[in-house]
*Asks:* 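Before we start, here is the structure in question, set down as structure tokens.
Numbers for residues simply follow the sequence, beginning at 1. One-based numbering, in listed order, for ligands and for the atoms of each.
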Amino acid sequence: MNKARRKFIQSAAAVGAGLLASGKAIAAQQEKQMQDMPGMQHEKKKAEEKPVPQVSQLGIALPVETPDVPKLPWEMDSGVKVFHLIAEPVKQEIFPGRVIDLWGYNGSAPGPTIQVNQGDRVRIIVDNHLPEATSMHWHGFEVPNDMDGAPGSSQDPIAPGGRFVYEFTLHQEGTYFYHSHMAMQEMMGMIGAFIMHPKKAYEPRADRDFAVILQEYAILPNNTVPNSMNMEFNWLTFNGKAGPATTPLIVRLGDRVRIRLINLGMDHHPIHLHGHTFAVTGTEGGRQPRSLWGPGNTVLVGVAQSRDVEFVANNPGDWMLHCHLPHHMMNQMSSMVGPMTRKNGMPAGLGMEEGMGMLRQGSATSEENGPSLGRGMGVGSTADQRVVNSPLQAEGGMQHPGMQMGKPEVAENANSVPGFPQDAFMEGPMMAMDEMVDKPENLGLRRGWSGFMMGMMTFVRVLPPDQYDKIMELREKQQGKKPMVMPGM
Ligand SMILES: [Cu+2]
């Protein structure tokens with residue numbers, strides 16, 4: 001190993017360690033590097049005044065923002081951009097107070113976002129700090145076979161404590177991603193965005209460019225480790241956060257906005273945007289020809305796919321952006337079991353195990369089990385009784401710090417109406433936690449908004465310039481501070 005190379009690896013290791021130790025220092029370093037990136041100076045200037053698009057701006061890349069996910073810094077080594085990724089266990093707070101055990105990269109799941117320019121030569125050092133072997137696949141990259149990261153065929157798996165150095169030249173452009181090529185590791189969070197900016201800027205030019213990674217986890221109550229074998233998921237995330245902990249995408253009224261959606265999991269996600277009509281302008285294979293840009297407001301992002309959507313944010317307001325699968329708009333979904341009542345005498349399911357759908361014998365629709373998967377059928381069932389510490393009890397009862405416990409709005413005859421209450425029905429004013437997820441991007445949202453935002457859900461906030469600038473200013477001030485605090489914990 002030559003001197004320069006050794007020096008680099010040492011500094012790269014320091015960068016890796018720094019990512020874990022000092023978010024602030026790294027943020028400053030990233031800031032500098034992003035400034036060096038073509039287009040960043042332009043981005044800075046934009047905070048003061050919205051520039052008129054000029055021909056000279058062609059060829060300038062607009063950096064992509066991945067809310068809640070760090071950017072991966074790099075170092076130059078004789079014309080090669082060198083990145084360092086550490087595969088490791090990660091404690092990820094996906095929701096206030098809900099810290100789960102995932103596997104990711106450099107302290108984050110999803111891993112940090114890599115941004116390069118078309119034509120760049122990159123070297124990516126992958127260290128394995130997992131207790132088992134891993135391999136890194138560059139999804140959709142047209143690279144030499146021995147750089148593909150297919151364990152067993154293109155390389156040996158990277159042993160625990162081991163390292164593999166990937167190096168290739170990128171001739172493609174678009175929304176790509178990297179991920180572990182061990183299937184179960186994918187289900188533990190091991191993916192990150194890899195944005196290749198085109199040599200010649202896309203037309204029409206976007207003002208804001210975001211990346212959102214879609215993930216899902218099955219975590220049983222009182223567990224912190226996802227069940228990677230499960231086929232139904234109860235925690236759905238955008239960039240590693242479940243609503244309302246997701247960070248809204250902040251845009252100026254009139255901006256042209258690009259959102260890059262990336263999906264790697266067991267489910268396909270129909271992502272829907274309120275109040276706007278978009279076009280799908282790119283896939284995991286790069287930019288789509290313009291002749292394919294049909295109008296839409298929902299895009300199905302299949303497993304292993306990416307979809308770029310673009311629209312002009314011409315409709316002011318706070319607009320939901322979410323997966324439209326009903327179960328993916330919920331948090332911690334599970335069948336109703338035990339004493340969780342909204343009113344006296346709610347028909348509950350059977351025991352914990354049956355209620356969770358973990359059958360020991362018989363089929364789910366059998367005579368004995370049918371009614372238990374979910375809840376009982378009988379109107380006025382007395383299978384369950386109201387308990388004094390129920391969080392949903394109307395007369396006050398238990399209070400969670402930071403949560404607004406409103407009175408559940410339930411009709412007097414609610415229990416005599418077939419279909420009430422719905423399983424896992426937890427939306428509403430009593431679940432609001434505006435203060436717990438307070439951050440600049442949420443400034444000015446309607447009070448109680450957080451009670452209706454769950455799972456794969458966030459806002460695209462289309463703001464007038466003064467409000468936009470205010471949020472950006474606040475965000476600048478808060479940089480490096482932990483945005484989410486669980487009071488009393
Ligand atoms: Cu979904």
*Asks:* Just give me the atom name: the N, O or S atom of His269 closest to the Cu ion (ligand 1).
*Replies:*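 It is ND1 of His269.
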
*Asks:* Please determine if Arg256 forms a cation-pi arrangement with Phe311, meaning its NZ or CZ atom is less than 6.0 Å from the six-membered ring centre and no more than 45° off the ring axis.
*Replies:*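 Checked: cation-pi criterion not met.
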
*Asks:* Do the rings of Trp138 and Tyr166 sit parallel, tilted or perpendicular, given the 30° and 60° boundaries?
*Replies:*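 Ring orientation of Trp138 relative to Tyr166: perpendicular.
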
*Asks:* Looking only at N, O or S atoms in His328, which is nearest to the Cu ion (ligand 1)?
*Replies:*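 Of all N, O or S atoms in His328, the Cu ion (ligand 1) lies closest to ND1.
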
*Asks:* Can you measure from CG (Asp148) to CE (Met136) and round to the nearest 0.5 angstrom?
*Replies:*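 So the gap between those two atoms works out to 12.5 Å.
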
*Asks:* Take the angle between the ring planes of Trp235 and Phe95 and call it parallel below 30°, perpendicular above 60°, tilted in between.
*Replies:*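 Because their plane-to-plane angle lies in the 30° to 60° range, the rings of Trp235 and Phe95 count as tilted.
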
*Asks:* Any N/O/S atom of His327 sitting less than 2.8 Å from the Cu ion (ligand 1), backbone or side chain?
*Replies:*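 No - counting backbone and side chain alike, His327 has no N, O or S atom under 2.8 Å.
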
